[in-house]
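A, B, ... follow the sequence lines: proteins, then strands. Residue 1 opens every chain.
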Amino acid sequence: MRRLLLAAIFLVACLGAAPGAETPSELTLKPFVRGSWQDVLRSHAGRPTLVHFWGVTCGPCKVELPLLGQFMKDHSEIDVVMISADLVPNLDRATRAMLEKAGLGSAENWIFSDGFVERLRFEIDPAWQGDIPRTLLIGRDGTVTTIEGSAEIPDLEKWLIQQKATKK
Amino acid sequence: MLRMSLLAMLAFSLCQPAAHAQMSHHQHASEAACEEAILRCASKVTPAFAPDGTLWLVWMAGGQISVASSKDEGRSFSSPVQVTREKLNLDWGPDARPQIVIDKNGGIALAFSRFRDKAFNGQVLTTRSADGGQSFAELRPITSSNESQRFVALGLDADGSVFAAWIDKRNRAPAREEGRKYEGAGLFFASSKDGGASYSETRLAADNTCECCRLGLAFAGAGRPVVVFRNIFEGGVRDHAIMTFADPATPSEVRRVSHDDWQIAACPHHGPSLSISPAGTYHATWYTSGKARKGLFYARSQDEGRTFSDPLPLGRSDRNPTRPYVLAGPRGATMVWKEFDGEKTAVNAMTSHDEGTSWSKPVVIATTTDTSDHPLLVSAGQKTYLSWMTKADGYRLLPIGDGS
């Protein structure tokens with residue numbers, strides 16, 4: 001019971017600390033730090049999840065973001081996790097504006113918040129050198145499909161059909 | 001001898017004091033150790049030796065660009081001189097860095113880019129010091145164009161003129177207005193006959209190159225700049241290309257460094273490096289994630305970039321090798337790159353004494369446990385040094401074995 005209470009206090013404290021948590025209409029941008037990647041994997045385990053790495057200075061990302069926004073709107077059955085992976089995590093406002101504009105305000109949104117980006121990237125994929133956009137499609141069984149560069153929406157649709165076929 | 005000097009360097013690097021305890025908690029999310037304009041707070045540091053052996057650094061810290069010099073191989077520095085007069089939104093892209101060249105009279109030319117608007121459009125600014133770095137002229141844009149410019153590279157030609165190349169998006173809007181698809185950005189260039197005080201009219205060297213990677217710049221002799229860059233080849237393939245200028249005003253054909261076949265619509269943020277030996281050998285290093293090969297590679301050319309040797313892979317693929325840099329010095333060529341083992345970043349070095357035909361085994365010459373700038377090489381006289389800014393341990397200048 002005591003442990004539960006502590007967990008609840010911790011949860012409330014975390015939510016309170018999240019930027020924008022006071023205004024329900026504003027999107028929540030969670031700080032992505034060491035260990036966050038395991039949190040993402042754990043919290044979506046068993047559900048088809050699209051994880052997208054992007055950044056406010058990335059030209060191709062600007063084109064792709066609204067397409068992903070529409071994809072998310074069309075497919076409420078999958079989890080969409082957006083992670084802003086630009087080098088410097090000081091662009092909170094620009095990040096929010098781009099997500100809102102692309103219709104991704106209600107996605108699960110994170111922003112790299114550790115200056116040691118090499119370590120963050122290494123936890124996600126040791127072979128990833130930071131090129132964005134990058135999409136990871138995580139299947140129900142945990143299988144990860146990596147798409148380097150802009151994802152083609154028909155490819156995402158195909159993956160989704162496969163995921164539906166594996167559903168028991 | 002080489003092994004001994006590398007070992008000595010390793011010992012030296014391990015003796016560097018760790019500064020974790022001095023860092024305040026709120027700096028954790030930043031790539032810089034602190035927010036002031038001082039060298040200790042820099043995220044990017046670029047070195048250059050003056051002909052008299054003085055080391056000059058230009059750095060980016062606290063939204064300002066500053067310079068300082070050292071006459072004792074980086075052990076102590078002069079009082080810094082601030083180049084910028086106000087805090088700017090400096091280009092913090094992973095491959096952006098301030099550029100510095102020093103002419104034979106001690107004149108210093110600088111160039112760097114800033115983000116000029118909220119859409120992250122860049123602007124290349126230049127300045128020069130005619131009094132040995134005591135003061136710098138007011139910042140001037142390198143071009144009158146208001147389209148985005150980033151990743152400027154400066155080089156000093158044999159006659160003392162300054163050659164500048166950068167990535168520029170000015171051709172994008174006109175192409176789109178005509179309904180043509182436009183990929184990437186253009187490689188543009190200009191030169192300065194007055195030590196970097198003013199630059200010639202901007203000209204196009206190659207269109208549709210990758211828009212987010214550093215350039216490699218060297219000279220194949222007097223008046224012959226050579227630029228290596230990530231190009232966009234047919235089908236959106238972002239492989240590397242090289243151009244040897246006929247003269248500083250005349251670009252020539254785009255030649256391919258390798259067929260990596262990296263088709264990607266993305267910003268790799270990971271550009272190449274180039275150095276040309278006194279014997280005329282082109283040494284190029286780069287990163288790719290192509291279908292043909294993935295990782296860091298080195299190749300050399302002995303026919304001005306018409307053909308390159310088979311790409312030589314660098315580093316351990318399970319340790320995320322990044323940021324390769326090559327420098328051909330008077331006593332051989334040196335290459336450095338970073339590797340990461342999950343906890344610490346190590347700079348690996350290897351050397352060649354036969355124009356890049358064979359290389360020594362890689363040796364770790366420095367490590368750090370927090371974020372770091374690209375490892376760079378700089379030479380003075382017969383010596384080659386690693387120049388490396390780290391968040392935890394500050395700035396380091398380490399001599400690399402002379403290869404004798």
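Nearest approach of A/Pro60 to B/Ala265, heavy atoms of both residues: CB-O, 3.6 Å. Closest non-hydrogen pair, B/Tyr287 versus A/Asp131, comes out as OH-OD1, 4.0 Å. Nearest heavy-atom pair across B/Ala266 and A/Gly149 is CB-CA, 3.6 Å. Nearest heavy-atom pair across B/Asn320 and A/Pro126 is CG-O, 3.1 Å.
In the displayed structure, A/Glu77 atom CD is contacted under 6.0 Å by more than 12 heavy atoms of other residues, nucleotides or ligands. Other residues, nucleotides and ligands place more than 12 heavy atoms under 6.0 Å from the NZ atom of B/Lys294.
Residue B/Cys212: no heavy atom, backbone or side chain, is found under 4.5 Å from chain A. Residue contact with chain B, scored on non-hydrogen atoms closer than 4.5 Å, is absent for A/Val63. Proximity to chain A (any heavy atom under 4.5 Å) is shown, for B/Gln263, by neither the backbone nor the side chain. Heavy atoms of B/Asn121 lying under 4.5 Å from chain A are absent altogether. Heavy atoms closer than 4.5 Å to chain A are found nowhere in B/Ser43, neither backbone nor side chain.
Here the side chains of A/Glu118 and B/Thr371 are in contact, with some heavy-atom distance below 4.5 Å. Taking the side chain as every heavy atom from C-beta outward, A/Phe116 and B/Thr345 approach each other to under 4.5 Å. Residues A/Arg119 and B/Asp370 are not in side-chain contact: their nearest non-hydrogen atoms beyond the backbone lie 4.5 Å or more apart.
Qualifying side chain to side chain donor-acceptor pair (under 3.5 Å) partners for A/Thr135, counting only residues two or more places apart in sequence or in other chains: A/His52. By the disulfide (SG to SG under 2.5 Å) test, A/Cys58 pairs with A/Cys61, sequence neighbours left out. Shown here are the ring pair (Phe, Tyr, Trp, His ring centres under 6.0 Å) partners of B/Phe115, two or more places apart in sequence or in another chain: B/Trp92, B/Phe120.
With rounding to the nearest 0.5 Å, the separation of CZ in A/Phe112 from CD in B/Glu31 is 13.5 Å. From B/Asp91, atom CG reaches atom OG1 of A/Thr57 across 8.5 Å, with rounding to the nearest 0.5 Å. Rounding to the nearest 0.5 Å places CG of B/Leu296 at 6.0 Å from CD of A/Gln129.
Taking the charged nitrogens against the carboxylate oxygens, A/Glu148 and B/Arg238 have no contact shorter than 4.0 Å, which rules out a salt bridge.
Looking only at distances, no side-chain donor or acceptor of A/Glu123 sits under 3.5 Å from a matching main-chain atom of B/Gly342.
For the options B/Lys118, B/Lys344, B/His270, heavy-atom pairs under 4.5 Å to chain A are most numerous at B/His270. With respect to chain A, the highest number of heavy-atom pairs below 4.5 Å among B/Ala119, B/Pro321, B/Gly295 belongs to B/Pro321.
Below 4.5 Å, heavy atoms of chain B meet no heavy atom from residues 40-51 of chain A.
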